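What follows is a single structure, written as structure tokens, with notes after it.
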Amino acid sequence: LRLLVNKELRVRYQASFLGLAWSYVKPGVQFVVFFFVMGNFLQMSKSLPPFAVYLFSGIVVINLFSEILGNSTRSVVQNGALVNKIYLPRQMFPVATVQVSLVHFVPQLIVLIIGAVVAGWRPGFIEIVAALLAIGIVLTLALGLGMAFGAINVAFRDVENIVDLILMVAIWFSPVLYPVQTVRDTFGENSVMFAIYSSNPLTIAVELFHRAFWWPAASPELQETALIDHVMMRGLGAFAVGILILFVGDRIFTRLSKNFAQEL
């Protein structure tokens, strides 16, 4: 597993001048663009202060989910030569993408913590639990889906394009660029659409990061309305769903892995 992780990092940054510094550059550019558009044009910086912390905490969660799911979907196909030459547990390929993604996630998390501290964030027990719970949801959900999609992608390469489409819209279907109150006001708190939206594990993971890093520095009025209701309890339910999806994804992966050598 260590060799696979080192190989992925080496191949990704081969002949790269910045190397691991891209872990700062890519989310930094993404943050600047969204902050300029959403913060200034749509006045989110006035309605959700400190908006920079709100925005970047959501971006960090989405980036972790996107990198794990996208890379694990392609992991078996990209390591086809190893699949045909060496016997090893095939699950190591998607699991290695998780470790690579965490290498990129840590620098972003450090930047988020620094920004939150500057904005007045002081961590407590609830904030730490919320952050860890959000990370657990993302890891189990993305790896479970990635293992299922990665196994199916060996036979049907259209799957990776479908996953790309899912990741392209994921940031818009979770409260990264806007508060969940906007969705509640649009569809109604008791509507089916809002129930589906608020039950999405990725939505809950983003809200948990907001609870961990943005909520302590927000005004009392925003603390009462800006987050989804009962976010910690919802987080426990979302984590249970993530564990279930991970189990199902592993079963699908194990069953289909018998044909990997022939398909590749």
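Below, each value reflects all heavy atoms present in this structure, side chains not excepted, and no hydrogens, waters or symmetry copies. Not measured: the values here are computed from a predicted model.
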Could you state the interatomic distance from [atom1] ([X]) to [atom2] ([Y]), rounded to the nearest 0.5 Å?
X    : Y    : atom1 : atom2 : value
N71  : H104 : CG    : NE2   : 9.0 Å
L139 : I68  : CG    : CD1   : 5.0 Å
S75  : L4   : OG    : CG    : 9.5 Å
F56  : F35  : CZ    : CZ    : 13.0 Å
I166 : L69  : CD1   : CG    : 7.0 Å
F34  : I171 : CZ    : CD1   : 4.0 Å

Has [X] got a side-chain atom pairing as donor or acceptor with [Y]'s backbone, closer than 3.5 angstrom?
X    : Y    : result
R157 : N153 : yes
R211 : E127 : no
N6   : R2   : yes
Y197 : V180 : no
N84  : G80  : yes

### Message
For Q91 and T254: C-alpha separation, side-chain torsions, deciding distance, then whether side-chain hydrogen bond (donor to acceptor under 3.5 Å, both in side chains) applies.
### Response
CA-CA 8 Å; Q91 285 89 341; T254 301; 3.1 Å; yes
Close side-chain approach of [X] and [Y], heavy atoms under 4.5 Å:
X    : Y    : answer
H210 : Y54  : yes
P175 : T203 : yes
F51  : K46  : no
L141 : V241 : no
L9   : V100 : yes
I137 : L208 : yes
W121 : V53  : no
F187 : V192 : no

### Query
Hey, would you say the F253 and F260 ring centroids sit under 6.0 Å apart?
yes
Do [X] and [Y] sit in the same hydrophobic cluster, where Ile, Leu, Val, Met, Phe, Trp and Tyr count as joined when their side-chain heavy atoms come under 4.5 Å apart?
X    : Y    : answer
V248 : L246 : yes
I110 : F105 : no
V118 : V32  : no
M232 : I228 : yes
I128 : F209 : no

### Message
Is there a side-chain contact (heavy atoms from CB on, under 4.5 Å) between V154 and L256? Walk through the geometry before answering.
### Response
CA-CA 9 Å; V154 174; L256 297 182; over 6 Å; no
### Task
Go through the steps to decide whether F239 and I204 satisfy the test side-chain contact (heavy atoms from CB on, under 4.5 Å), and finish with yes or no.
CA-CA 10 Å; F239 184 62; I204 297 171; over 6 Å; no
Would you name the heavy atoms of [X] and [Y] that are closest together and state the gap between them?
X    : Y    : answer
S101 : E67  : OG-CG, 3.2 Å
G70  : V163 : CA-CG1, 4.3 Å
V159 : T73  : CG1-CG2, 4.2 Å
A148 : I252 : CB-CD1, 4.1 Å
L202 : A170 : CD2-CB, 4.2 Å
S72  : P94  : CB-CB, 3.8 Å

#### Entry: side-chain contact (heavy atoms from CB on, under 4.5 Å) between I162 and F149, worked out
CA-CA 10 Å; I162 295 174; F149 286 137; 5.8 Å; no
Could you pull out all residues at least two apart from [X] that satisfy salt bridge (charged side-chain N to carboxylate O under 4.0 Å, His left out)?
X    : result
E8   : none
D185 : none
R90  : none

### Message
Please tell me whether Q30 and N63 have a donor and an acceptor in their side chains that are separated by less than 3.5 angstrom.
### Response
yes
### Query
Only one of V138, V61, V60 forms a side-chain contact (heavy atoms from CB on, under 4.5 Å) with V206, so which one is it?
V61
### Query
Where do N79 and K7 land on the side-chain contact (heavy atoms from CB on, under 4.5 Å) test, with the steps shown first?
CA-CA 11 Å; N79 289 281; K7 178 187 75 68; 3.0 Å; yes
### Message
Do the side chains of R74 and D164 get close enough for a salt bridge, i.e. N-O under 4.0 angstrom?
### Response
yes
